[in-house]
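Every chain is numbered from 1, with letters handed out A, B, ... down the list of sequences. Since we're looking at a predicted model, the values are computed, not measured.
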Amino acid sequence: MAKIILDRLAQQFVAGEILETGSQHGNEWARVAPAHWRAVAQFLRDDPVTALNMFIDLTCVDRLGRTPRFDVVLHLYSVDNKHRVRLLAGVPEEDPSIDSVVSLWPGANWFEREAFDLYGVRFAGHPDLRRILMYPEFVGHPLRKDFPKEGRQPLLRRLPGSVD
Amino acid sequence: MADERQAPSAPRANVKMVIDGQACEFPAGLTILEACQRVGSKVPFFCWHPGLSAPAVCRQCLVEIKGFPKPVPSCYTPVADRMEVVTGSPKVLDVRRQMLEFTLLNHPIDCPICDKAGECMLQKHYFDWDARVARNDGGKVRKAKVVDVGRHIVLDQERCILCSRCIRVCNEVARQPDLVMAFRGDRQLLTTAPGQRLDNPYSLNTVDVCPVGALTAKDFRFSMRAWELWATPSVCPGCATGCNIEIHASRNLIRRLVPRLNSAVNKYWMCDDGRLTYKHVADNRLAAPTVAGAPARWDAALAEAARLLGQARDKSPATLGMVLSAQMINEDLFAFSRLATECLRTDRVYLAGSPEGWCDNILVSADKNPNTTGAKLIGGPTLRTAADLQRDIEGRVVTALLLVGEPDALGPLESLQTLVAVSSHQNPPVAAAQVALPLAMWAEVDGSFTNRQGKVQRLYSAIAPAGQARPGWETAVRLARALGAAWTYGEAKQVFGDVCAKVTLMSRADWGKPEMPVQLRFANSRG
Amino acid sequence: MPFSVYTSKLAQAVNWARKFSLFEYPFVTACCGMEFMALWAPKYDIARFGAEIPRFSPRQADLMIVVGTITERQGPVLRRIYDQMCEPKWVIAFGVCASTGGFYQNYSAMPGADQVIPVDVYIPGCPPRPEQMLDALVLLQERIQKGEGHSQVVLRAERGYVAPDAAIRPDGETKEGAGR
Amino acid sequence: MDDPSQTARRVVIGFGDAANLPEADDLPTESMPLNMGPSHPAMHGTVRMVLEVEGEKIRSVDVQIGYLHRCFEKEAENATWTQIFPYTDRLNYVSPMLNNVGYALAVEKLLDIDKKIPERAQFIRVIVGEISRITDHLTCLAASAMELAAFTVFFYLMKAREWLWELLEELSGARLTHSYVRIGGVVADLTDDFCPKLRDILRRCRASIADADKMLTSNRIFRDRMDGIGIITRDDALGWGLTGPVGRSTGLAYDVRKDHPYLVYDRFDFDVPVGSKGDNFDRYAVRLEEMRQSMRILEQAMELLPAGPVLIDDARVALPPKREVYNTIESMIAHFKLIMDGIVVPPGEIYSFTEGGNGELGFYIVSNGTGQPWKCRVRPPCFANLAVLNKLLPRLFIADLVPTFGMINMIGGECDR
């Protein structure tokens, strides 16, 4: 069913814009060139055939050792057609930034803040890109693979004799 | 392994055959097993080892060949023209299962107390190829569980699956036949040859090749479970050979060293002495900077050191010397020799190191320093020897000394007016020094050694430096800045880049890709 | 001497009064709060122990119950609220997270509330059963009766809290400070 | 607010110029920052709201979360696939079973064994899941009612939750954090007298829910604070990704159990309640009705419950029986590999979604073919639901914040993870 989406993308966009598409375990996914991230998302939302008008999830994957290192992952759903799609866009480690989709789905606001907080991916055009889960004083992006699991950064001096 | 790096159809290929319906070419003389590995069709094995001969005793590698009446051991049979091999036919799988069932029949239920559990080939093959419940839970043949066969090794004869790998290691690698099989049938057991003990200098390799927990190292057994270890690639600091190793560490402590394949240097092996070099890392370390024997903060100690050295330099650079050690990594050597020439303006750079030791024509070399070649390349022709150093100290030619690393023999230190030591361990020079700065060791830093063949080999940081110890090049940079130079090194990689640029013979060396430590439980079982 | 005897009796009387009129401040953060609700609910009625009235203003409470995981971000909040409570005050750590961090040993979870405030009674369990809380309450009451105040001792020992002196990058771009 | 005309107005007050007197709404006031939380009595869950208020009116709000960030993902990336279940328990700790099930389904899809799960196990998963859904809504309503000063209702609903918890405790050994589901099925079969007990409990729950219904739905104070407060439109629901009761209250009839049936939900006859106005009362009513629907599902499930195994028969996924483990080397090895190396999940990516207590609970899992996940992302429903407060709260009164927040039902463990 959701094959419709991939076909539609194939019709609408050229190879340089949609890099790769596939389907696994019943999930349809398309890898998008970061430059066309927002355009593709907007098309999928507004196109009457796909009508992926519901924002589901936006996150990031750190594929350490691969270039580009990060993937921004967006999940969309169509309430009317009952199909969904996963969009991925590679983001390099040197300049981890990509267009924001907050203007398309206001719900993306917090999800993009979280991706920035935990992975350090910057979203161009985001209204206020602050940390959301970690505190502002925190240094680094903890969900990156090279961030130590127990890299605590206390805000408060420990009591004497307390063992960490 | 090494073979897999070559393309499946090498130019000298001249045997055309079919493996699992896939047509391919191989050089004659290759065994079917190796051929299968090249084309990526999986065949299990216990007794075969890429670095040893193949006796075909375990019968795990059986494959079916069109026209042959029964399955043949692929580790033993050479490839031939127009051969059609099937590795996964029901018949083959069934035969392998039966063999495996035989192997498991008398295997003790030891996994919870077995050192090999987690990296055991028996576990792996059973789980990958069989994974069926047992058809018998009757009694098992009992054998000796603790046999002290050698200086480093304990043998559990119950666990042994009689693959004879260890015997071949002794015969073919150490060239010293210590182990033999005795008796027949289910009484058969591994033991030492009459009047022999497993005491050859490569005995611990038998522990690596043992597919099960029959042979265990006294040094490692019961100290850590295998799957808890984190593996980091590195190079053995034991001698100038530079065997490629994996550091197995947990909770910031090195637990053991195991050899890593490098067909150009050490193949699959390393010597017993090399394996125990790790003990030095956690032993009697200099944890914090000291000024006049008392612990001090880094910046204070650095300032004091810079002051002393600057004083000595301004008095007369000719009497100011620097001692480097052939135990240090290339980056440290380079940074410090640059410090000597640019900041201390002295050419009195001496190279010290551990004294010569025993050697053989297998792996062990007499030079017990891992980086003599690198030190000589970086130090250049003006590099002076430890003998010069002793003479100069006794002759009062040198009155101020910056001591880096751990030289073995120095002259009478009390004759020195200024002594600054950058050392990894507590030792007499440190005690005598006005300022001592802790130095991170080979297992704690990113760096490189240049072995006796001139190969530049990477070290990766496996554990955090002891106490407040810092890499040598970093200390050098901070000293240089304190002495007024503006160096911009931020990480070892940049220093290495300069080394390659300056030292012509290392110009083609490569820093290599970053390696994260991997936990063994999530790496594939080895063996 | 009669004087000293008299005062000790007074102390006992005061302690007796205190132990049966504990006004709790539930510092509820996480899962354990679900069990804590059950504590007030009909079956395990904490009112039977004279500690049924939650005071959501720390200034009116003398027993702080730390319920659930304390994160590094939560630490200063916890400490400030604790400082606002009037002495004598006691603390119960409800659940392993509040006691040791439990199985959350990572960059965000604090390994136990006792890293920043003194704790009198620790309750194991993830989450603890309400009965355990009642048991802990009785334990604390015995302590109060005896006049032992572990937290007071620690209070005297420690310095109070300060802001981290580590330099902080507003953009949070560098990995410095995240030591292995 | 130093507009001279305003000050002039203030002067004339009391001089009979009634016509120009300002309305109560546009009384000139100084706006004032007000901080609520992170530890506030009227906030179940630790969240901090920095409000800017004009008198009683909220002008703007900045909702700050993260006070319960326990690094679910980082912990998951350092655990085996099976070790993650306890962490999922503590995501939405009001309905742990639903998280267990959601996570198990995701991994099973990656393993391609989702079709091979024994039918009895699937029914049991539905049963425990729906029980969890009921406890979830019970807790939500109880807490909100308490915050609106209806303490009696709190007692009624807590009592009902207690019964259900005791039943789950008999089943799993834990009152709250069950870790009852396993990859490939569930850890143990139902207790012998589970179904009769559950029937009895459902009967009693119905009664106390009816009581709560009577006490709230027709309660003037309650209605005044719920009706028409915090209205969300269907378009908002789409744009903000609102699911579950919050989304359905806006008339968006999206329920994963109906639209993308998983497990055996397609065999049950149940309705998806939707709201009409999308205000607080609709969210309350939807939850109330959902509990009744869940009870319907439970009764049907108990009717249709088939016999059979409750764990998949696959030595590479399910642990062998203990007797075998202790007495045969084969099963010992299997047990060892499963515990130490973990279940080896083939490389791949999956986004698997189920209907959690608060809405679409998604697991986006990336496996690189080892015994632990490369990434295990949770799509937390109430993270999205809570975000909408930033749009909802302005122009409400401070008093409206409490019921609105209560009806969003933010669960710290799930929102901050």
Side-chain angles (χ1 to χ4, degrees), chain A residues 22 24-29 45 51-65 71 73 75-80 82-86 88 102 104-111 113-115 117-118 127-128 130-136 138 142-145 147-151, chain D residues 62-71 73-75 77-78 106 108-112 114 234-243 247 252-254 258-260 347-353 360 362 364-366 368 374-375 377-381 383-388 390-391 415-417:
Chain A
Q24 187 186 28
H25 305 298
N27 292 174
E28 269 66 22
W29 56 270
R45 182 190 71 170
L52 289 153
N53 48 6
M54 186 168 191
F55 172 84
I56 291 295
D57 187 22
L58 186 145
T59 182
C60 177
V61 187
D62 177 359
R63 306 187 192 268
L64 185 65
D71 270 344
V73 184
H75 285 94
L76 296 175
Y77 178 64
S78 165
V79 182
D80 315 318
K82 305 210 179 309
H83 60 205
R84 54 182 72 217
V85 71
R86 174 191 314 148
L88 301 96
V102 174
L104 302 177
W105 295 278
N109 187 321
W110 275 20
F111 287 83
R113 276 175 69 186
E114 186 188 329
D117 185 355
L118 301 181
D128 68 335
R130 293 176 287 150
R131 288 187 178 275
I132 182 165
L133 292 181
M134 301 312 294
Y135 35 93
F138 195 80
L143 265 190
R144 290 189 174 188
K145 284 285 174 184
F147 191 95
K149 176 160 170 279
E150 298 204 28
Chain D
D62 174 21
V63 182
Q64 296 180 6
I65 62 172
Y67 289 91
L68 193 55
H69 179 48
R70 298 188 283 195
C71 324
E73 283 191 47
K74 200 74 171 181
E75 294 283 357
E77 287 169 11
N78 289 278
E108 283 156 6
K109 287 200 187 108
L110 268 178
L111 280 160
D112 274 326
D114 50 332
R234 189 176 183 279
D235 291 347
D236 289 341
L238 292 173
W240 291 83
L242 306 183
T243 51
L252 172 63
Y254 170 55
K258 267 271 190 258
D259 298 341
H260 306 275
E349 302 187 12
I350 180 79
Y351 179 80
S352 161
F353 49 101
E360 173 170 328
Y364 172 56
I365 300 183
V366 180
N368 62 346
W374 180 258
K375 179 184 175 70
R377 150 89 176 171
V378 188
R379 189 271 177 187
F383 184 76
N385 295 359
L386 187 68
V388 81
N390 290 314
K391 174 176 189 299
C415 183
D416 301 354
R417 301 185 298 295

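- Taking chain A as the reference chain and counting heavy-atom pairs below 4.5 Å, the highest number among K391(D), Q64(D), H69(D), R379(D) is found for R379(D).
- In this structure, the side chain of Q24(A) engages the main chain of E349(D) through a donor-acceptor pair within 3.5 Å.
- In this structure, K82(A) NZ and Y254(D) OH are separated by 8.5 Å, a value rounded to the nearest 0.5 Å.
- In terms of heavy-atom pairs under 4.5 Å with chain D, the best-connected choice from D62(A), V79(A), I56(A) is I56(A).
- Interface residue N27(A): only side-chain heavy atoms are found under 4.5 Å from chain D.
- No donor-acceptor pair closer than 3.5 Å links the side chain of W374(D) to the backbone N or O of V61(A).
- With K375(D) contributing its side chain and R63(A) its backbone, the two residues share no donor-acceptor pair below 3.5 Å.
- Only the side chain of D80(A) has a heavy atom closer than 4.5 Å to any heavy atom of chain D.
- Between R417(D) and E114(A) there is a side-chain heavy-atom pair separated by less than 4.5 Å.
- For H260(D) and Y77(A), the ring centers sit closer than 6.0 Å to each other.
- For chain A, the option among D235(D), D112(D), N368(D) with the highest count of heavy-atom pairs below 4.5 Å is D112(D).
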Stepwise salt bridge (charged side-chain N to carboxylate O under 4.0 Å, His left out) check, D62(D) with R130(A): CA-CA 12 Å; D62(D) 174 21; R130(A) 293 176 287 150; 3.2 Å; yes
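- Interface remark: R70(D) contributes no atoms to any contact with chain A (heavy atom separation under 4.5 Å).
- K74(D) contributes a side-chain N or O that, together with a main-chain N or O of R144(A), makes up a donor-acceptor pair within less than 3.5 Å.
- Neither the backbone nor the side chain of L104(A) comes within contact range of chain D, judged by heavy atoms closer than 4.5 Å.
- K109(D) places no side-chain N or O within donor-acceptor distance of the main-chain N or O of G26(A), the cut-off being under 3.5 Å.
- Contact count versus chain D (heavy atoms, under 4.5 Å) is highest, among D117(A), L143(A), L64(A), for L143(A).
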Derivation of the salt bridge (charged side-chain N to carboxylate O under 4.0 Å, His left out) call for K145(A) and E77(D): CA-CA 9 Å; K145(A) 284 285 174 184; E77(D) 287 169 11; 3.3 Å; yes
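- Evaluation of the ring pair (Phe, Tyr, Trp, His ring centres under 6.0 Å) rule for W110(A) yields F383(D) as partners, not counting sequence neighbours.
- Only the side chain of L88(A) comes within contact range of chain D, with heavy atoms under 4.5 Å apart.
- Of the atoms belonging to H25(A), heavy atoms from both backbone and side chain fall under 4.5 Å from chain D.
- Residues R377(D) and D57(A) are paired through a salt bridge, judged by an N-O separation under 4.0 Å between the basic side chain and the carboxylate.
- For the pair R84(A) and F353(D), the cation sits on the ring face: its NZ or CZ lies under 6.0 Å from the ring centre, inside 45° of the axis.
- With respect to chain A, the highest number of heavy-atom pairs below 4.5 Å among G239(D), C415(D), G66(D) belongs to G239(D).
- Rounded to the nearest 0.5 angstrom, I350(D) CD1 and R86(A) CZ are separated by 7.0 Å.
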